[in-house]
Amino acid sequence: MNKYKERINKSIAIICSLLMWGLMSFNRMNPDWNNYNNIYLDRDDFNRRINELGFFWVTRIGRVINLEYSIFFTIVTTLCLFSLVLLAFKLTTKPMLPLLFYSIFPFMLDIVQFRNFISMTIISWALYCLFNRKKDISYDLLSLSLILIAGTIHNTAFVYVIFWFLAHLKEVYVAILSLTGFITVTFFLKTFDFNGFLNHPILSRYYYLVKGTISLTGQIFFVFNAILMLLLVYWITKAIEKSTLSNNSTNHCYFESDLRKFAWIHIALLPLFFMSVDFYRIIRNILFLFYILFSYYLSYNWGKIKYESEKWLISSGIFAFIACNAYVLLWYSNYENVIRVIFDENKLLNWIFK
């Protein structure tokens with residue numbers, strides 16, 4: 001019976017993956033489409049892209065073989081998306097839920113932010129290797145290498161070098177460093193003069209990220225979001241540990257301790273989110289891994305009535321976390337310029353419903 005349910009789960013996961021593929025890879029217009037199209041066609045952008053040479057050479061490969069940007073976009077997004085789907089199948093025997101959660105948020109934003117999506121895919125595999133570091137030291141080195149490669153695609157990915165280092169520390173030290181980091185970064189951001197960015201050839205591109213602050217409502221949202229994630233990860237991992245100990249089971253999320261550390265790092269990053277919502281992509285890019293942990297909890301048969309109220313509370317928290325992210329950061333903020341455009345400007349959908 002369990003094998004039958006697993007086959008059903010995987011079948012739905014495959015259908016969900018194909019639907020996402022059709023929506024992403026055949027998209028032909030979004031807020032960033034023209035920008036990336038111009039980058040792709042620009043033969044003289046080496047100096048402007050010297051800080052992101054990975055993306056420079058990826059686009060040049062497409063141009064060398066005379067691919068139109070739309071075809072190049074379809075090929076690259078197809079490879080990245082199904083690489084992410086493969087990761088879901090490797091990390092869990094029930095990949096349906098994490099893929100469904102991902103399709104709710106942040107999938108739509110990944111359609112728009114093409115370069116970030118490539119980087120996010122590489123980071124997901126880098127962290128998968130990091131999770132396996134105890135099996136073989138080569139996984140550790142491969143993880144760091146992939147993070148550095150992702151950073152050449154999108155500079156934001158270099159931040160995950162910090163995640164890589166902190167993952168090797170005990171959790172209590174990560175918690176202390178994260179809380180200390182929150183205080184330190186808050187003080188630094190209030191005293192540092194970022195106007196010097198304007199005169200720097202590379203940093204001037206990122207001045208828009210540090211020149212202001214988001215609203216108080218937005219700051220409250222991000223604080224609530226970070227605390228809820230931390231609580232969920234702790235509740236879930238404690239429940240998994242209790243079940244594992246009582247049932248002597250080996251079928252559990254072996255990367256749960258690393259995700260607890262990442263949830264603490266989320267707290268340290270809050271001051272950056274208060275400046276610009278764009279910084280939230282640092283956490284957004286690893287949500288898929290948290291979704292796998294959430295999905296494991298939701299699909300696990302606890303078998304004891306005393307856990308029912310606890311499971312109801314945690315399940316409500318999971319859906320609240322996903323729904324709040326999807327509403328605030330996607331539906332409320334980007335309906336007109338992202339969601340509507342993506343559905344209107346899809347070659348496959350237009351062909352089916354013409």
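What's counted below: heavy atoms across the whole structure, side chains too, no hydrogens, waters or symmetry copies.
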#### Entry: Geometric cation-pi criterion, Arg115 with Tyr36: 6.0 Å, 45°
no
### Task
Walk me through it: do Asn225 and His266 pass the test side chain to side chain donor-acceptor pair (under 3.5 Å)?
CA-CA 9 Å; Asn225 212 38; His266 188 173; 4.8 Å; no
### Task
Indicate if Leu231 and Leu298 have the same hydrophobic cluster label, given that clusters are the connected sets of ILVMFWY residues with side-chain heavy-atom separations under 4.5 angstrom.
yes
### Message
I'd like to check Thr217 versus Phe221 (side-chain heavy atoms, cut-off strictly below 4.5 Å). Are they in contact?
### Response
no
### Message
Would the distance check show the side chain of Gln219 and the main-chain N or O of Ile214 forming a donor-acceptor pair, the cut-off being under 3.5 Å?
### Response
yes
### Query
Taking side chain as C-beta onward, heavy atoms only, is Ile292 less than 4.5 Å from Phe255?
yes
### Query
Counting only heavy atoms not in Tyr173, do more than 12 fall under 6.0 Å of its OH?
no
### Interatomic spacing from CD1 in Ile14 to CG in Asn9 - rounded to 0.5 Å
10.0 Å
### Query
Checking ring pair (Phe, Tyr, Trp, His ring centres under 6.0 Å) for the pair Tyr160/Phe163: CA distance, chi angles, key distance, verdict?
CA-CA 5 Å; Tyr160 298 103; Phe163 284 64; 5.1 Å; yes
### Summary
Given the options Thr74, Asn346, Thr78, Ser25 meets side-chain hydrogen bond (donor to acceptor under 3.5 Å, both in side chains) only with Thr78
#### Entry: CD1-CZ distance between Ile12 and Arg7, expressed to the nearest 0.5 angstrom
13.5 Å
### Query
Heavy atoms, side chains only, cut-off 4.5 Å: are Phe224 and Cys324 in contact?
yes
### Task
Please determine, by modelled atom types, if Lys135 and Asn132 share a side-chain donor-acceptor pair under 3.5 angstrom.
yes
### Query
Under 4.5 Å between any side-chain heavy atoms of Ser257 and Thr237, yes or no?
no
### Task
Give a yes or no on whether Met96 and Leu18 share a hydrophobic cluster (residues Ile, Leu, Val, Met, Phe, Trp, Tyr; joining criterion: side-chain heavy atoms under 4.5 Å apart).
yes
### Query
CG of Leu23 to CZ of Phe107: how many Å apart, nearest 0.5 Å?
5.0 Å
### Message
Are Tyr102 and Ile322 packed together at the side-chain level, in the sense that at least one heavy-atom pair is separated by less than 4.5 angstrom?
### Response
no
### Query
Taking atom OH of Tyr332 as the centre, does the number of heavy atoms from other residues, nucleotides or ligands within less than 6.0 Å exceed 12?
no
### Message
Under 4.5 Å between side-chain heavy atoms, counting indirect links through other Ile/Leu/Val/Met/Phe/Trp/Tyr residues: same cluster for Leu177 and Leu179 or not?
### Response
yes
### Message
Within 45 degrees of the ring normal and closer than 6.0 Å to the centroid, is that where the cationic atom of Arg133 sits relative to Phe131?
### Response
no
### Message
Contact between Phe262 and Val233 at the side-chain level, heavy atoms closer than 4.5 Å - yes or no?
### Response
no
### Message
Atom CZ of residue position Phe187 - does it have more than 12 heavy atoms of other residues, nucleotides or ligands inside 6.0 Å?
### Response
no
#### Entry: Ile286 side, atom CD1; Arg281 side, atom CZ - distance, nearest 0.5 Å
14.5 Å
### Task
Answer whether the closest heavy-atom distance between the side chains of Trp33 and Tyr69 falls below 4.5 Å.
yes
### Message
If hydrophobic clusters are built by linking Ile, Leu, Val, Met, Phe, Trp and Tyr wherever their side-chain heavy atoms come under 4.5 Å apart, do Val58 and Leu79 end up in the same one?
### Response
yes
### Residue that, paired with Thr77, satisfies side chain to side chain contact (heavy atoms under 4.5 Å, CB included) out of Trp21, Phe82, Phe26, Phe114
Phe114
### Message
Would you compute the distance between atom CG of Asn116 and atom CG of Asn285 and round it to the nearest 0.5 angstrom?
### Response
4.0 Å
### Message
Looking at Glu171 and Lys261, is any side-chain nitrogen of the basic one under 4.0 Å from a carboxylate oxygen of the acidic one?
### Response
no
### Summary
By ring pair (Phe, Tyr, Trp, His ring centres under 6.0 Å), Phe279 pairs with (sequence neighbours left out) none
### Task
With the side chain counted from C-beta on, respond yes when Met120 and Leu84 share a heavy-atom pair under 4.5 Å apart, and no when they do not.
yes
### Message
If we ignore hydrogens and angles and just use 3.5 Å, is the side chain of Tyr296 paired with the main-chain N or O of Thr92 as donor and acceptor?
### Response
no
### Query
Under a 4.5 Å side-chain heavy-atom rule over Ile, Leu, Val, Met, Phe, Trp and Tyr, are Tyr139 and Leu146 clustered together?
no
### Task
Using the ring pair (Phe, Tyr, Trp, His ring centres under 6.0 Å) rule, take Phe101 and Phe294 through it: C-alpha gap first, then chi angles, then the decisive distance, then the call.
CA-CA 10 Å; Phe101 291 159; Phe294 294 167; 7.4 Å; no
